[in-house]
Amino acid sequence: MEEYIEEALKQGYIRPSTSPAASSFFFVTKKDRGLRPCINYRALNKIMVKFRYPLPLVPAALEQLRDASVFTKLDLRSTYNLIRIREGDKWKTAFVTPAGHYEYCVKPYGLDNAPSVFQDFMNEVLRDFLNRFVVVYIDDILIYSRSLAEHCHHVSEVL
């Protein structure tokens with residue numbers, strides 16, 4: 001836990017907090033036997049104003065791939081950490097550990113709005129390519145093309 005806190009502080013993902021609120025912090029075991037930090041945001045999620053941005057429908061996304069024969073899948077890492085939390089709202093993400101009281105500066109996992117906010121962000125970033133040669137589902141990007149030459153150009157544009 002101390003290692004996670006130290007690294008997150010160094011990266012600017014969290015900061016010490018004086019918030020009157022705090023959620024509990026613990027780790028859960030991942031499939032690869034590593035540990036994933038987990039913060040119990042159930043109480044915050046109950047009162048949060050929901051951002052109802054639609055996630056893509058899989059059948060509609062698959063329809064776009066009909067004529068494609070070449071694919072590249074990009075799976076982004078630590079993606080929610082790209083979204084900064086608005087100043088004045090950070091105190092709401094506070095959590096407590098034996099090492100201290102902290103709050104997030106970037107969007108943590110576990111908040112109800114995180115997937116829809118990130119989908120909106122990704123759609124904005126890749127807007128020019130969507131429905132032409134890119135499908136985005138939260139942090140997964142699928143680039144599709146009819147030929148290898150076309151695909152090299154598409155991948156280059158996305159990157």
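Note that the structure is predicted; figures quoted are calculated from it, not measured.
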Evaluate side chain to side chain contact (heavy atoms under 4.5 Å, CB included) for Asn40 paired with Phe95, printing each intermediate quantity in order. CA-CA 9 Å; Asn40 183 355; Phe95 61 94; over 6 Å; no
Test Ile141 against Lys73 for side chain to side chain contact (heavy atoms under 4.5 Å, CB included), laying out the working first. CA-CA 6 Å; Ile141 302 169; Lys73 179 184 177 282; over 6 Å; no
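- Atom CG of Asn131 sits about 9.0 Å away from atom CG of Asn123, to the nearest 0.5 Å.
- Residues His151 and Ser145 come closest through the heavy atom pair ND1-OG, 2.8 Å.
- Under a cut-off of 6.0 angstrom, the local environment of CD in Glu7 is crowded, with over 12 non-hydrogen atoms contributed by other residues, nucleotides or ligands.
- Considering only heavy atoms from C-beta on, Val106 stays 4.5 Å or farther from Leu82 through its side chain.
- Residues Ile5 and Glu2 fail the side-chain proximity criterion, which asks for heavy atoms closer than 4.5 Å.
- The backbone N or O of Gly110 lies less than 3.5 Å from a partner atom in the side chain of Asn45, making a donor-acceptor pair.
- Formation of a donor-acceptor pair under 3.5 Å by the Glu103 side chain with backbone atoms of Thr93 is not found in this model.
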Using the rule given for side chain to side chain contact (heavy atoms under 4.5 Å, CB included), can you reason through Asp75 versus Asp139, listing the C-alpha separation, both sets of side-chain angles and the distance that settles it, and then say yes or no? CA-CA 6 Å; Asp75 189 2; Asp139 63 349; 3.8 Å; yes
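- With values rounded to the nearest 0.5 angstrom, Lys90 atom NZ is found 11.0 Å from Ser17 atom OG.
- Two residues are said to be in side-chain contact when any heavy atoms from C-beta on lie closer than 4.5 Å; Phe118 and Lys107 fail this criterion.
- Of all non-hydrogen atoms in Gly12 and Arg84, the two that sit nearest each other are O-NH2, 4.2 Å.
- The backbone N or O of Val136 sits less than 3.5 Å from a side-chain atom of Gln119, completing a donor-acceptor pair.
- Under the 4.5 Å side-chain contact rule for hydrophobic residues, Tyr137 and Tyr109 share a cluster.
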May I have the step-by-step check of side chain to side chain contact (heavy atoms under 4.5 Å, CB included) for Tyr144 and Gln64, ending in yes or no? CA-CA 9 Å; Tyr144 57 94; Gln64 296 177 47; 2.8 Å; yes
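- Rounding to the nearest 0.5 angstrom, the gap separating the NE2 atom in His153 from the OG atom in Ser147 is 11.0 Å.
- Of the N and O atoms on the side chains of His101 and Ser19, not one donor lies less than 3.5 Å from an acceptor on the other residue.
- Across all their heavy atoms, Val28 and Cys38 have their closest contact at CG1-CB, 4.3 Å.
- A 4.5 Å side-chain heavy-atom check between Leu35 and Thr29 finds at least one atom pair inside the cut-off.
- Remark: side-chain polar atoms of Asn113 are paired, donor with acceptor, to backbone N or O of Phe51 under 3.5 angstrom.
- When the side chains of ILVMFWY residues are joined at heavy-atom separations under 4.5 Å, either directly or via intervening members, Trp91 and Ile85 end up in two distinct hydrophobic clusters.
- Annotation for Ala94 and Tyr41: closest pair O-CE2, 4.4 Å, computed over non-hydrogen atoms.
- Interatomic distance, CG of Leu9 versus SG of Cys105, reported as 9.0 Å (0.5 Å rounding).
- Rounding to the nearest 0.5 Å gives a distance of 11.5 Å between NZ of Lys46 and CG of Asp112.
- Clustering ILVMFWY residues whenever any of their side-chain heavy atoms sit less than 4.5 angstrom apart, transitively, puts Ile39 in a cluster other than the one holding Phe26.
- In this structure, Leu76 is a member of the same hydrophobic cluster as Ile143, with clusters built from ILVMFWY side-chain heavy atoms closer than 4.5 Å.
- Residue Phe133 forms a side chain to side chain contact (heavy atoms under 4.5 Å, CB included) with just one option from Val155, Val158, Leu142, and that option is Val158.
- Between Tyr102 and Tyr104, the gap from one ring centroid to the other reaches at least 6.0 Å.
- One finds the CG atom of Leu111 at 6.0 Å from the CG atom of Leu44 (value rounded to the nearest 0.5 Å).
- By the neighbour-count criterion of 12 heavy atoms within 6.0 Å, atom CZ of Arg146 is sparsely surrounded, having that number or fewer from other residues, nucleotides or ligands.
- Contact record, Tyr13 with Asn81: CE1-OD1, 3.4 Å, taken as the closest heavy-atom pair.
- In this structure, Met1 is a member of the same hydrophobic cluster as Ile14, with clusters built from ILVMFWY side-chain heavy atoms closer than 4.5 Å.
- Between Lys10 and Glu3 there is no salt bridge, since no side-chain N of the basic residue sits under 4.0 Å from a carboxylate O of the acidic one.
- Between the side chain of Arg132 and the backbone N or O of Asp128, at least one donor-acceptor pair lies under 3.5 Å.
- Looking at heavy atoms from C-beta onward, Ser116 lies out of side-chain contact with Arg52 at the 4.5 angstrom threshold.
- Pairing each heavy atom of Pro37 with each of Tyr4, the nearest pair is CG-CE1, 3.5 Å.
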